Amino acid sequence: MLVRLGSISLRRSSVASSRRVASKTQTPFQWRENRCRNIFTSVAVRSNDKEGSAADAQLVTVHWVQKDGTRVTTREKEGMHLLDVAHKNNIDLEGACEGSLACSTCHVIVSDPAVYESLPEPTDEENDMLDLAFGLTETSRLGCQIKLTKELEGMEVQLPAATRNMAVDGYKPKPH
């Protein structure tokens, strides 16, 4: 069974389905216990896997300028966030809060002002986090808030020279 929740799909594992009891004589406690077991044994499936309509998504090219000036080009499916693209392609974009809009470590600089203007307006929460970012510019955004669209095809993104991680200086969490 596949259930879609935004950009994440949940696939119920066969173990969870086999444990389900369809008896009408269950007590409310037994039903709740079985229901919780089914939920917690589900397996997360990323929407960029080849599942249904996700395989039909168009690829978008993004050019990255790293801290040392080297360029990396990535092609990923429309709908992914820049932070996820960076992690998937081993680009040094931290994302300490894992995209929950609680830090500024996924700060990126959109090179082309016209592309920056085509992006949705940053929220107040994103602007608050950007105020904490190192090397803030007029075209700065958080990578966790930029979703790839076909209009962004060929965009260039620069990584700032440094980031400010409030949790542990120099620590870089590994993406899940």
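This is a predicted model, so every value here is computed, not measured. Both backbone and side-chain heavy atoms feed into the values below; hydrogens, waters and symmetry mates do not. Numbering of residues begins at 1 and proceeds along the displayed sequence.
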- [ ] Provide the closest heavy-atom pair for H107 versus P160 in the form atom of the first, atom of the second, distance.
- [x] O-CD, 3.1 Å

Open item on the list: V108 and side-chain contact (heavy atoms from CB on, under 4.5 Å): which single residue from L142, V62, I146 fits?
Closed with: I146

- [ ] For residues S118 and E151, determine if any side-chain heavy atom of one lies less than 4.5 Å from a side-chain heavy atom of the other.
- [x] no

- [ ] Rounded to the nearest 0.5 Å, what's the gap from CG on L130 to CD on E125? Could you check?
- [x] 12.0 Å

Task: Residues T74 and W64: side-chain donor-acceptor under 3.5 angstrom - done: yes

Open item on the list: Looking at E126 and R141, is any side-chain nitrogen of the basic one under 4.0 Å from a carboxylate oxygen of the acidic one?
Closed with: yes

TODO: Please report the closest heavy-atom contact between C144 and C106, naming both atoms and the distance.
DONE: N-SG, 3.4 Å

Open item on the list: Rounded to the nearest 0.5 Å, what separates atom SG in C97 from atom CE in M129?
Closed with: 8.5 Å

Open item on the list: Let's go through R75 and V60 carefully: what are the C-alpha distance in whole Å and the side-chain angles of both, what is the deciding distance for side chain to side chain contact (heavy atoms under 4.5 Å, CB included) to 0.1 Å, and is it a yes or a no?
Closed with: CA-CA 5 Å; R75 287 186 52 79; V60 178; over 6 Å; no

Task: same_hphob_cluster(V157, I109) at 4.5 Å side-chain heavy-atom cutoff - done: no

Task: M155 side chain near V110 side chain, heavy-atom distance below 4.5 Å - done: yes

TODO: Tell me yes or no: between the side chains of E98 and S100, is some donor less than 3.5 Å from an acceptor?
DONE: no

Open item on the list: With no hydrogens and no angle check, just 3.5 Å: does a side-chain donor-acceptor pair link T105 and E94?
Closed with: no

Task: Heavy-atom check, side chain of L101 versus side chain of T123, under 4.5 Å - done: yes

Open item on the list: If I compare all heavy atoms of T149 with all of E78, which pair ends up nearest, and what's the gap?
Closed with: CA-CG, 3.7 Å

Task: Considering all heavy atoms, the nearest C103-A96 contact - done: SG-N, 3.9 Å

Open item on the list: Using the rule that Ile, Leu, Val, Met, Phe, Trp and Tyr join whenever any side-chain heavy atoms are under 4.5 Å apart, tell me whether L132 and F134 fall into a single cluster.
Closed with: no

- [ ] Could you go through the side chain to side chain contact (heavy atoms under 4.5 Å, CB included) check for M80 and K147 one step at a time?
- [x] CA-CA 6 Å; M80 287 183 71; K147 197 177 266 192; over 6 Å; no

Task: Q158 side chain reached by S111 side chain, heavy atoms, under 4.5 Å - done: yes

Task: Carboxylate-amine/guanidinium proximity below 4.0 Å for R71 and E156 - done: yes

Task: L93-V65 co-clustered via ILVMFWY side chain contacts under 4.5 Å - done: no

Task: Check against side chain to side chain contact (heavy atoms under 4.5 Å, CB included), H87 and N89 - done: CA-CA 5 Å; H87 286 172; N89 292 281; over 6 Å; no

Open item on the list: Can you confirm whether the side chains of E153 and T61 place a donor and an acceptor under 3.5 Å from each other?
Closed with: yes

- [ ] Evaluate side chain to side chain contact (heavy atoms under 4.5 Å, CB included) for Q66 paired with V72, printing each intermediate quantity in order.
- [x] CA-CA 8 Å; Q66 299 204 42; V72 176; 2.8 Å; yes

Open item on the list: Hydrophobic clustering (ILVMFWY, side-chain heavy atoms < 4.5 Å, transitive) - are Y116 and L83 grouped together?
Closed with: yes

Open item on the list: Counting C-beta onward and ignoring hydrogens, is there a side-chain heavy-atom pair between I91 and L159 closer than 4.5 Å?
Closed with: yes

